[in-house]
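Reviewing the structure listed below.
Count residues from 1 along the sequence.
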Amino acid sequence: MQVSDTIAEHLADPAPDSASGPWWRQSLAHGAPGIALLHIERAAAGRGPWERAHQWLTYAAGAPVTSGPDSHLYYGAPAIAHALACASTARPTAYRRGLEALDRTIAADATRRAAQGHARIDHGALPVLAEFDVIRGLAGVGSYLLRRDPDGDAVRAVLEYLVRLTDPLVCDGATLPGWWTATGPSGRGSEQFPGGHGNAGLAHGIGGPLALLALAARRGVTVEGQVEAIGAICRWFDQWLSDAGAGPLWPYWVTRPQLRARTWTPSGRQRPSWCYGAVGLARVQQLAALATGDTGRQDVAERAAIAALSSCTAVSDRSLCHGHAGLAHLAAVIAADASPQAAARLRELIPGLVDTTVLPGPDFGEAGEALVKTAGPGFLEGAAGTALALLTHVTGAPLTGWDACLLIR
């Protein structure tokens, strides 16, 4: 907790020199809304003043808020709305008018984007990752709508679009998954990905839509074809599952040559993380299993998480996105829904992950300060996200729903 406290103190005030540019106010991943989440959660836990959280929220919303095609869960209106929604969880009357206005804007944008997705499918064109993924696409925005207005038309529009996303497309004579993109994982054309790729990641690939479809189904929010769409994505993951001694693994992505050969071979050390890799996908598969009553899939998912978390030699940082803090948080989330035996093993692994995250040494204050300087202040890859994971390890569960933006619950 000392490291988390120190990080919060170093990120106490939204000083102008903290910002790298106008975008910083609206970036959940790297800027003010993500840091606001830390102070909101601390205030809800009684470990910090609400005034500090309010200062960060005021700063984040203190300039014109981006909406429309340039906004997404991690930037603009949905990013600021997520932080405000977390604050309103602990203070229900706070920020009500601002949130209601943002909700209307986000719902309209999502409905429009879903319609554009349907039109693209009607024309038989391949999507871009930013159409459907968690970070920039409709899976991410849909998770916010599911939280704020689960019975609304906008949520249905997003889910109906995601169901159609699972329909195969024929391109250049080849039958491809409906989420196949013509680019590389960066979203740009690449000689390393001739013919594009099928992205499996939670943050950037089909793992995000599967998570949202499963989370919605678990809450009783369903549209026609949703269970079948969950099954279609799960069968694709089953096709690429490797379980050859190192525990169940799925690829980060599938290339066109691999698609033709219908096989892939894990090479080198695969980093487990939230964004890509076995632990994030284990949670997605677990959610799908819980939504459909598939106990066999749940067992595979939990074995995958245990195997990956038992050997984290490829993990070299302490971030929420792809570091030890994120792994510790995911382990606790997976354990909460796991079978008794798997839950016990996962909980045994958490202290070691936390110990690595807090940089054990003689001065925890210096450790927190060093993390802010070296990793930056941000939520996904910086100190604020690490501090949130450490705080939640102590409180036992998020008090404000800050991790809803990760689509893990």
Taking atom [atom1] of [X] and atom [atom2] of [Y], what is their separation to the nearest 0.5 Å?
X    : Y    : atom1 : atom2 : value
F379 : L320 : CZ    : CG    : 5.0 Å
R52  : L38  : CZ    : CG    : 9.5 Å
I35  : D13  : CD1   : CG    : 11.0 Å
T166 : L213 : OG1   : CG    : 8.0 Å
L349 : R347 : CG    : CZ    : 12.0 Å
I80  : Q26  : CD1   : CD    : 4.5 Å

Any idea which heavy atoms bring [X] and [Y] closest together, and the distance?
X    : Y    : value
I135 : H72  : O-ND1, 2.9 Å
L57  : A83  : CD2-CB, 3.7 Å
V163 : E224 : CG1-O, 3.9 Å
T222 : A217 : CG2-CA, 4.0 Å
Q298 : A289 : N-CB, 3.5 Å
G184 : L129 : O-CD1, 4.3 Å

Does one side chain, of R164 or H118, offer a donor that lies under 3.5 Å from an acceptor on the other?
yes
Does a side-chain heavy-atom distance below 4.5 Å link [X] with [Y]?
X    : Y    : answer
T181 : N199 : no
V158 : R113 : no
L380 : Y74  : yes
R148 : S88  : yes
L37  : L28  : yes
L353 : L309 : yes
L210 : W179 : no
D109 : V141 : no

Backbone of [Y] reached by a side-chain donor or acceptor of [X] within 3.5 Å:
X    : Y    : value
D403 : L406 : no
W56  : A12  : yes
S143 : G140 : yes
H204 : S186 : no
T255 : F193 : no
T105 : A101 : yes
R256 : G196 : no
E41  : L391 : no
W264 : W253 : no
S4   : A387 : yes

Go through it in stages, so that I can follow the logic: the residues are R409 and D337, the test is side chain to side chain contact (heavy atoms under 4.5 Å, CB included), and I'd like the CA-CA distance, side-chain angles, deciding distance and then a yes or no.
CA-CA 10 Å; R409 61 169 145 209; D337 286 326; over 6 Å; no
Kindly indicate, with the supporting measurements, whether the criterion side chain to side chain donor-acceptor pair (under 3.5 Å) is fulfilled by E51 and Q55.
CA-CA 6 Å; E51 290 77 11; Q55 286 173 352; over 6 Å; no
When you look at T89 and R147, which way does the side chain to side chain donor-acceptor pair (under 3.5 Å) test go after all the steps?
CA-CA 11 Å; T89 300; R147 178 182 186 181; 3.0 Å; yes
Would you say [X] has more than 12 foreign heavy atoms packed within less than 6.0 Å of its [atom1]?
X    : atom1 : result
Q239 : CD    : yes
D172 : CG    : no
D238 : CG    : yes

Between W402 and H329, ring centroids under 6.0 Å:
yes
Using the rule given for salt bridge (charged side-chain N to carboxylate O under 4.0 Å, His left out), can you reason through D5 versus R42, listing the C-alpha separation, both sets of side-chain angles and the distance that settles it, and then say yes or no?
CA-CA 9 Å; D5 290 344; R42 285 174 56 79; 2.7 Å; yes
Go through the steps to decide whether E131 and Y161 satisfy the test side chain to side chain contact (heavy atoms under 4.5 Å, CB included), and finish with yes or no.
CA-CA 10 Å; E131 181 180 294; Y161 154 76; 2.6 Å; yes
After noting the C-alpha distance and the side-chain angles of Q286 and R283, does the key distance pass the side chain to side chain donor-acceptor pair (under 3.5 Å) rule?
CA-CA 5 Å; Q286 186 191 43; R283 176 54 176 169; 2.5 Å; yes
Walk me through whether R156 and D153 qualify under salt bridge (charged side-chain N to carboxylate O under 4.0 Å, His left out).
CA-CA 5 Å; R156 294 187 61 84; D153 292 340; 5.7 Å; no
Test side chain to side chain contact (heavy atoms under 4.5 Å, CB included) on L346 and I306 and set out the steps.
CA-CA 6 Å; L346 286 163; I306 291 168; 3.8 Å; yes
Passes side chain to side chain donor-acceptor pair (under 3.5 Å), D317 versus S319? Steps please.
CA-CA 6 Å; D317 68 54; S319 71; 2.9 Å; yes
Mind checking whether Y252 and Y276 have parallel, tilted or perpendicular rings, split at 30° and 60°?
tilted
With under 30° as parallel and over 60° as perpendicular, where do the rings of W24 and Y59 fit, or are they tilted in between?
perpendicular
Does V279 form a side chain to side chain contact (heavy atoms under 4.5 Å, CB included) with I334? I'd like the steps, not just the answer.
CA-CA 9 Å; V279 182; I334 295 170; 4.2 Å; yes
